[in-house]
Amino acid sequence: MSPSNPEPSSPPLRVVVATSNLGKVIEFEEALSGLGWQLEPLGDYSLPEETGSTYAENAMIKAAAASLHTGLPALADDSGLEVAALGGEPGLYSARFGNRKDDHERNLYLLERTRNVQDRRAKFISVLVLAYPDGHIEEYRGEVDGQLLEGPRGVGGFGYDPLFGLPDGRSMAQLSLEEKRAVGHRGKAFDALKKAHVDGPPPRPTGSKVN
Ligand SMILES: O=c1[nH]cnc2c1ncn2[C@@H]1O[C@H](COP(=O)(O)OP(=O)(O)O)[C@@H](O)[C@H]1O
Ligand SMILES: [Mg+2]
């Protein structure tokens, strides 16, 4: 310890990133880089099936399971694309839309399902849940409105990003990671999480459940 810095600094909070979606892992790391948390990978652990009936329930299932498994706080995201003309589909089932096997196939299927559809309104929704080993839960939500494009544009991001048009004419896949964080659904949920943590007291992995 240097004499000019006599206070021992507390170790960084270790938080497990409870997702195996690589696109999300990249966004988690970028968005949380300023918080001073030590992000831990999920490793080989398989998250439980998403049996919830809301994004929040699914995010909670994933975060709570990872926290229980590791004994550390765990952060999960459940998200989806809601297309107005499809009555909100694929929504909760975005990751398995049409039983298609990967992002490319799901995007083709989405284009098929919306061929000749005039109303192209769509929105992305993200719910982040931070679950602590003592059962304490924090929940943050973000949304962004857009338009379903007629064909893919851009190579960035993941999932439905190449088909999601923004007001400036670009697709979500044409944004840098920083730009996507600034306008995107997950970025907005991260903003809320950071607001609650940056100036607030450090979170307590095994603290009381009182807010
Ligand atoms: O930021 C995004 N851009 C594009 N597609 C997204 C985004 N967020 C979620 N999605 C889509 O919604 C699905 C949400 O999946 P979910 O959150 O249930 O589980 P996952 O983490 O295993 O993919 C993703 O697989 C992706 O297809
Ligand atoms: Mg889901």
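Heavy atoms only: backbone and side chains are in, while hydrogens, waters and symmetry mates are out. Both counts, for ligands and for their atoms, begin at 1 and track the order of listing. Please read all numbers here as calculations on a predicted model, not as lab measurements.
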task = Please indicate, with yes or no, if any protein heavy atom is found under 4.0 Å from atom 1 (O) of ligand 1?
result = yes

task = Go through Glu143 and Lys123 one step at a time and tell me if the salt bridge (charged side-chain N to carboxylate O under 4.0 Å, His left out) criterion holds.
result = CA-CA 7 Å; Glu143 292 188 18; Lys123 66 167 63 174; 3.1 Å; yes

Would you check, one step at a time, whether the test side chain to side chain contact (heavy atoms under 4.5 Å, CB included) holds for Arg181 with Lys188?
CA-CA 7 Å; Arg181 173 173 36 87; Lys188 289 176 183 169; over 6 Å; no

Ignoring waters, protein N/O/S atoms under 2.8 Å from the Mg ion (ligand 2) are Glu50 OE1, Asp78 OD1

Checklist line | Heavy atom of Lys62, distance to ligand 1 below 4.0 Å | finding: yes

Rounded to the nearest 0.5 Å, the OH atom of Tyr109 sits from the CZ atom of Phe97 at a distance of 5.0 Å

Atom 8 (N) of ligand 1 has as its nearest protein heavy atom Arg186 NH2, 2.7 Å

for atom 12 (O) of ligand 1, nearest protein heavy atom and its distance come out as Ser94 CB, 3.3 Å

Whether the side chain of Thr54 engages the backbone of Glu57 through a donor-acceptor N/O pair (distance < 3.5 Å, no angle test) should be reported. yes

At under 4.0 Å between heavy atoms, what of Lys180 touches ligand 1? The answer is side chain

Next item on the list: Would you please say whether a donor-acceptor pair under 3.5 Å links the side chains of Arg186 and Ser79?
Entry: yes

Nearest non-hydrogen protein atom to atom 23 (O) of ligand 1, with distance, is Asn21 ND2, 3.0 Å

ask   = Hey, are Asn21 and Thr19 close enough side-chain-wise for a donor-acceptor pair under 3.5 Å?
value = no

Has the side chain of Ser171 got a donor or acceptor atom that lies under 3.5 Å from a matching backbone atom of Arg153?
yes

Rounded to the nearest 0.5 Å, the CZ atom of Arg106 sits from the CG atom of Leu111 at a distance of 14.0 Å

Rounding to 0.5 Å, atoms CZ (Phe190) and CG (Leu75) come to a distance of 5.5 Å

When distances are taken from atom 25 (O) of ligand 1, the protein heavy atom at minimum range is Ala95 CB, 3.6 Å

Ranked by distance from atom 18 (O) of ligand 1, the top protein heavy atom is Asp78 OD1, 2.9 Å

#### Entry: side chain to side chain contact (heavy atoms under 4.5 Å, CB included) assessment of Val17 paired with Glu40
CA-CA 6 Å; Val17 175; Glu40 304 285 350; over 6 Å; no

Numbered in order shown, the ligand 1 atoms found under 4.0 Å of a heavy atom of His185 are 1 (O), 2 (C), 7 (C), 8 (N)

Rounded to the nearest 0.5 Å, the CZ atom of Arg100 sits from the CG atom of Asn107 at a distance of 12.0 Å

re atom 14 (C) of ligand 1, the protein heavy-atom contact at minimum distance is Ser79 O, 3.1 Å

Would you check whether Leu81 reaches within less than 4.0 Å of ligand 1, judged by its heavy atoms? no

Heavy-atom proximity to atom 3 (N) of ligand 1, picking from Leu163, Asn107, Asp161, points to Asp161

Less than 6.0 angstrom separating the ring centers of Phe124 and Phe164, yes or no?
yes

Short side-chain donor-acceptor distance under 3.5 Å, Ser33 and Glu29 | no

**Message:** Counting only nitrogen or oxygen atoms and a 3.5 angstrom limit, does Lys24 reach ligand 1?
**Reply:** yes

Note: ligand 1 atoms sitting under 4.0 Å from heavy atoms of Glu50 are 16 (P), 18 (O), 19 (O)

Polar atom proximity, Glu27 to ligand 1 (N or O, under 3.5 Å):
no

Worksheet item: What do you reckon, does Tyr160 have a nitrogen or oxygen under 3.5 Å from a nitrogen or oxygen of ligand 1?
Response: yes

Logged contact type for Phe158 with ligand 1, heavy-atom cut-off 4.0 Å, is both

Logged contact type for Thr19 with ligand 1, heavy-atom cut-off 4.0 Å, is side chain

| query | Is the closest side-chain heavy-atom distance between His197 and Leu130 below 4.5 Å? | reply | yes

Ignoring hydrogens and geometry beyond distance, is a side-chain donor-acceptor pair present between Tyr140 and Glu138 at under 3.5 Å?
yes

ask   = Judged by non-hydrogen atoms, does Met172 sit under 4.0 Å from ligand 1?
value = no

